[in-house]
Amino acid sequence: MQVRYFMTPDPVTIESQELIDDARRLMDELNIRHLPVTQDGVLVGVLSNRDVNNASIRVLGLEVEHVMSTPPLTIGPTEDIVKAARTMLAHRISGLPVVDEDGAIIGMITTTNCLIAMIQMHHELAAATAGAAAR
């Protein structure tokens, strides 16, 4: 199952020069835990809710680029969802930007998206198994 079928498309992004307080407000308002960071439209990092809620960065005027994770780990839309899950597990992260062949961000895949995929695969397997047993 490919990442593109489970990713959240067209994610909201933030520019690297924006303030952390603005990023925190945006993440709270949209109820999101990951915010891809761009600079002139190019993906340069990822900001997580852990980054923006870290007490040691609560300095007024601090820009996103000072606390974002960089370089961003990414995955392509045609990669297998299991590869996405393994990458997140190996790096102890809960979200990956999905980029096209030109490196443009087209989505986000998260642990929640992977759980949805697992549930769907389980239902498909159960249906296939039930169908085979009925024959």
(message) Return the CD1 to NZ distance between Ile109 and Lys83, rounded to the nearest 0.5 Å.
(response) 13.0 Å
(message) Just so I know, are the side chains of Glu79 and Arg4 near enough to count as touching, which here means a heavy-atom distance under 4.5 Å?
(response) no
(message) Can you give me the closest heavy-atom contact between Gly107 and Met7, atom names plus distance?
(response) CA-SD, 4.0 Å
(request) Indicate, with yes or no, if Met1 and Val3 share a hydrophobic cluster defined by side-chain heavy-atom contacts under 4.5 Å among Ile, Leu, Val, Met, Phe, Trp and Tyr. (result) yes
Donor-acceptor pairs under 3.5 Å, side chain of residues 93-101 to any protein atom, not counting sequence neighbours: which ones?
residue : atom : partner : partner atom : Å
Ser94   : OG   : His34   : NE2          : 2.8
Asp100  : OD1  : Asp102  : N            : 2.9
Asp100  : OD1  : Gly103  : N            : 3.1
Asp100  : OD1  : Ala104  : N            : 2.9

Show every donor-acceptor pair shorter than 3.5 Å between a side-chain atom in residues 10-20 and any protein atom, with sequence neighbours excluded, or say none if there are none.
residue : atom : partner : partner atom : Å
Glu15   : OE1  : Asp40   : N            : 3.2
Glu15   : OE2  : Thr38   : OG1          : 2.9

(request) Indicate yes or no for a side-chain donor-acceptor contact from Asp28 to the backbone of Arg25 under 3.5 Å, with no hydrogens or angles considered. (result) no
(message) Could you measure the distance from the CG atom of Asn31 to the CG atom of Leu26? Nearest 0.5 Å is fine.
(response) 11.5 Å
(message) Is there a path of hydrophobic side-chain contacts, each under 4.5 Å between heavy atoms, that joins Met88 and Met108?
(response) no
(request) May I ask you to decide if Asn49's main-chain N or O and Arg33's side chain share a donor-acceptor pair within less than 3.5 Å? (result) no
(message) Assigning hydrophobic clusters by single linkage (Ile, Leu, Val, Met, Phe, Trp, Tyr; side-chain heavy-atom cutoff under 4.5 Å), is Leu115 placed with Val82?
(response) no
(request) Taking the side chain as every heavy atom from C-beta outward, state whether Ile106 and Pro77 have any atom pair closer than 4.5 Å. (result) yes
For a quick test of your reading: what N or O donor-acceptor pairs under 3.5 Å do the side chains of residues 61-71 make, sequence neighbours left out?
residue : atom : partner : partner atom : Å
Thr70   : OG1  : Val44   : O            : 3.1

(message) Checking the side chain of Asn113 only, and the main-chain atoms of Thr110 only, is there a donor and an acceptor separated by less than 3.5 Å?
(response) yes
(request) To the nearest 0.5 Å, tell me how far Phe6 CZ sits from Met118 CE. (result) 11.5 Å
(request) Compare every heavy atom of Leu35 with every heavy atom of Met27, then report the nearest pair and how far apart it is. (result) CG-CD2, 3.9 Å
(message) Could you see if Ile116 belongs to whatever hydrophobic cluster contains Ile75? Use Ile, Leu, Val, Met, Phe, Trp, Tyr and a side-chain cutoff under 4.5 Å.
(response) yes
(message) With a 4.5 Å cut-off on side-chain heavy atoms, are Tyr5 and Gln120 touching?
(response) no
(request) Could you walk me through whether Ile81 and Met121 pass the side-chain contact (heavy atoms from CB on, under 4.5 Å) test, one step at a time? (result) CA-CA 11 Å; Ile81 191 81; Met121 286 186 269; 4.0 Å; yes
(request) Calculate, to the nearest 0.5 Å, the distance between atoms CD and CG belonging to Gln2 and Asp80 respectively. (result) 8.0 Å
